[in-house]
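What follows is a set of notes on a single structure, which appears directly below.
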There are 2 protein chains.
Amino acid sequence: MKKTILVFGLLILAILLLFQFSKYTLNTGDIRTEFVVSIIALTFFLIGIYINKKSLHKKASNLPEIDESKIKELELTKREYEVLQYVSKGLSNKEIGEKLFLSESTIKTHVSNLLIKLNAKRRTQAIQIAKSLKII
Amino acid sequence: MKKTILVFGLLILAILLLFQFSKYTLNTGDIRTEFVVSIIALTFFLIGIYINKKSLHKKASNLPEIDESKIKELELTKREYEVLQYVSKGLSNKEIGEKLFLSESTIKTHVSNLLIKLNAKRRTQAIQIAKSLKII
DNA sequence: ACTATTTTGGTACTTTAGTATGAACCCAGG
DNA sequence: CCTGGGTTCATACTAAAGTACCAAAATAGT
């Protein structure tokens with residue numbers, strides 16, 4: 001936010017200076033018209049590229065975003081979602097249990113509930129569904 | 001390719017016309033300097049945005065691209081890669097067999113070889129690895 | 001404090017996944 | 001022609017995943 005204001009402030013300042021510069025040089029006539037026009041053109045060309053790059057950069061990073069609302073919609077609990085994340089990383093029930101300091105039985109319970117809520121038959125299908133719902 | 005040439009051709013033409021326009025109006029003095037400078041600035045500003053959008057659009061669509069070279073590098077055969085794709089969609093060995101009109105045994109063989117080549121212990125891990133390698 | 005949900009974990013069972021091994025077939029390249 | 005890689009399939013086995021059912025803690029909401 002602060003950065004944006006600073007950038008635009010400098011931009012406006014640059015534009016005003018350019019106006020004055022063009023006015024002065026064109027009136028005195030000591031520099032060729034083409035040269036002045038070229039500088040103006042180049043400056044705004046670069047400004048256009050810069051502005052556009054900033055705005056598109058945000059869109060690009062927005063693409064792999066998780067949809068929190070869908071998680072609540074599916075009524076996934078914290079633990080279930082946590083387990084889902086490990087499942088999607090390719091861990092076995094045993095390995096997940098070790099990571100979370102839980103027994104394999106507990107993980108099985110969570111995965112089972114997970115599959116029902118995601119309407120999946122297998123954990124691989126759960127991964128696919130979760131990804132299409134943008135919750136992982 | 002043809003489009004690019006056309007666009008740049010028109011661009012150069014526009015620039016030349018603008019040069020002539022600015023020269024003429026500034027010399028005759030019937031239009032104010034600020035106005036001419038503004039038109040030039042705006043034009044190149046828009047050109048900058050346009051060029052940038054085109055080039056960034058390609059990059060954005062390039063992101064979800066499959067890396068054919070990695071598939072050969074891993075020495076995955078056609079069938080194995082085909083099976084891998086179905087695995088990543090969440091199908092069971094039986095279901096994949098039905099899709100490809102093969103027995104479950106055959107799919108098991110392919111999956112086993114797949115896991116070795118991808119250095120994975122489970123099919124879920126294979127999915128994760130394949131995605132990180134951008135081959136699915 | 002009481003209740004509903006979550007979290008945890010167990011047993012017993014079925015199903016699916018994965019390994020090991022062997023074998024037959026096809027097909028392109030030397 | 002024959003050899004190697006790819007494909008297909010089978011059997012027999014082990015391991016992992018998943019289901020069903022139950023039950024005791026822990027936690028959070030009213």
Side-chain angles (χ1 to χ4, degrees), chain A residues 66-133 135-136, chain B residues 66-133 135-136:
Chain A
I66 48 162
D67 191 346
E68 302 278 357
S69 63
K70 283 245 175 68
I71 300 172
K72 285 172 191 165
E73 214 176 285
L74 292 164
E75 292 179 312
L76 286 181
T77 67
K78 263 172 287 175
R79 267 304 199 209
E80 283 163 1
Y81 181 64
E82 208 173 357
V83 170
L84 174 62
Q85 289 177 314
Y86 281 116
V87 167
S88 76
K89 284 178 182 168
L91 300 194
S92 69
N93 292 333
K94 202 178 182 181
E95 287 169 342
I96 297 170
E98 284 163 4
K99 282 246 177 190
L100 299 175
F101 305 103
L102 297 175
S103 81
E104 194 188 338
S105 302
T106 308
I107 307 301
K108 279 190 179 186
T109 307
H110 288 320
V111 172
S112 264
N113 294 328
L114 211 55
L115 296 179
I116 293 168
K117 290 178 181 176
L118 284 175
N119 198 27
K121 289 177 197 164
R122 284 164 291 282
R123 50 170 57 210
T124 49
Q125 201 182 358
I127 295 171
Q128 207 277 321
I129 291 170
K131 264 175 184 151
S132 70
L133 293 175
I135 60 177
I136 51 172
Chain B
I66 47 164
D67 190 348
E68 302 278 357
S69 62
K70 283 247 176 66
I71 300 171
K72 285 172 191 164
E73 214 174 287
L74 291 163
E75 293 179 312
L76 286 182
T77 67
K78 264 174 283 172
R79 269 302 200 209
E80 283 162 0
Y81 182 64
E82 209 173 357
V83 170
L84 172 63
Q85 288 177 314
Y86 281 116
V87 167
S88 76
K89 284 178 182 169
L91 301 194
S92 68
N93 292 334
K94 202 177 181 181
E95 287 169 341
I96 297 170
E98 284 162 4
K99 284 245 177 190
L100 298 176
F101 304 103
L102 298 174
S103 80
E104 195 187 338
S105 301
T106 308
I107 308 301
K108 279 190 179 186
T109 306
H110 288 319
V111 172
S112 263
N113 294 328
L114 211 54
L115 296 179
I116 294 168
K117 289 177 181 178
L118 284 176
N119 198 29
K121 289 175 196 163
R122 284 163 290 282
R123 49 169 58 209
T124 49
Q125 202 183 358
I127 294 171
Q128 207 277 322
I129 292 170
K131 266 178 181 148
S132 71
L133 293 176
I135 60 176
I136 52 171

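For the numbers below, each heavy atom of this structure counts, side chains included, while hydrogens, waters and symmetry mates do not. So you know, we letter chains A, B, ... as the sequences are listed, proteins then strands, and number each from 1.
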Practice item. Calculate the interatomic distance between B:Leu102 atom CG and D:dA10 atom P; express it in whole Å. Key: 11 Å

Check your understanding: How many Å lie between NZ on B:Lys99 and C1' on D:dT8, as a whole number?
Key -> 21 Å

Review point. Between C:dT8, C:dT7, D:dC9, which one does the side chain of A:Lys78 approach most closely?
Key: C:dT7

Practice item. Assign A:Thr106 to base, sugar-phosphate, or nothing according to its heavy-atom contacts below 4.0 angstrom with the strands shown. Key: base

Review point. Given atom CD1 of A:Ile107 and atom C1' of D:dG18, what is their separation to the nearest angstrom?
Key: 14 Å

Revision key, fill the gap. Exactly one candidate in A:Leu91, A:Asn93, A:Val87 meets side chain to side chain contact (heavy atoms under 4.5 Å, CB included) with A:Ile107; the answer is A:Asn93

**Study point:** Atom-pair distance (CZ on A:Arg79; C1' on D:dT27), nearest Å
**Key:** 13 Å

Check your understanding: If you look at every strand shown and take non-hydrogen atoms under 4.0 Å, does B:Ser105 touch a base, only sugar-phosphate, or nothing?
Key -> base

Review point. Do the charged groups of B:Lys70 and B:Glu73 touch, with an N to O distance under 4.0 Å?
Key: no

Review point. Which whole-number value in Å describes the distance from A:Ile96 CD1 to C:dT8 P?
Key: 13 Å

Exercise for review: Rounded to the nearest angstrom, tell me the gap between atom NE2 in A:His110 and atom C1' in C:dT7.
Suggested key: 6 Å

Exercise for review: Let me know the distance between CG of A:Leu76 and P of C:dT7, rounded to the nearest Å.
Suggested key: 11 Å

Point to revise | Minimum side-chain heavy-atom gap B:Asn113-B:Thr77 below 4.5 Å | key: no

Check your understanding: Are B:Ile66 and B:Ile71 close enough, and set up right, to give a side chain to side chain contact (heavy atoms under 4.5 Å, CB included), and what steps lead you there?
Key -> CA-CA 9 Å; B:Ile66 47 164; B:Ile71 300 171; 5.6 Å; no

Exercise for review: Scan nucleotides 14-30 of chain C nucleotide by nucleotide, 5' to 3', and note B when protein non-hydrogen atoms come under 4.0 Å of the base, S if they reach only the sugar-phosphate, - if neither.
Suggested key: ---BBB-----------

Practice item. Identify whether the distance between the nearest side-chain nitrogen and carboxylate oxygen of B:Lys89 and B:Glu95 falls below 4.0 Å. Key: no

Check your understanding: How long is the gap from CD on A:Glu82 to CZ on A:Arg79, to the nearest 0.5 Å?
Key -> 4.5 Å

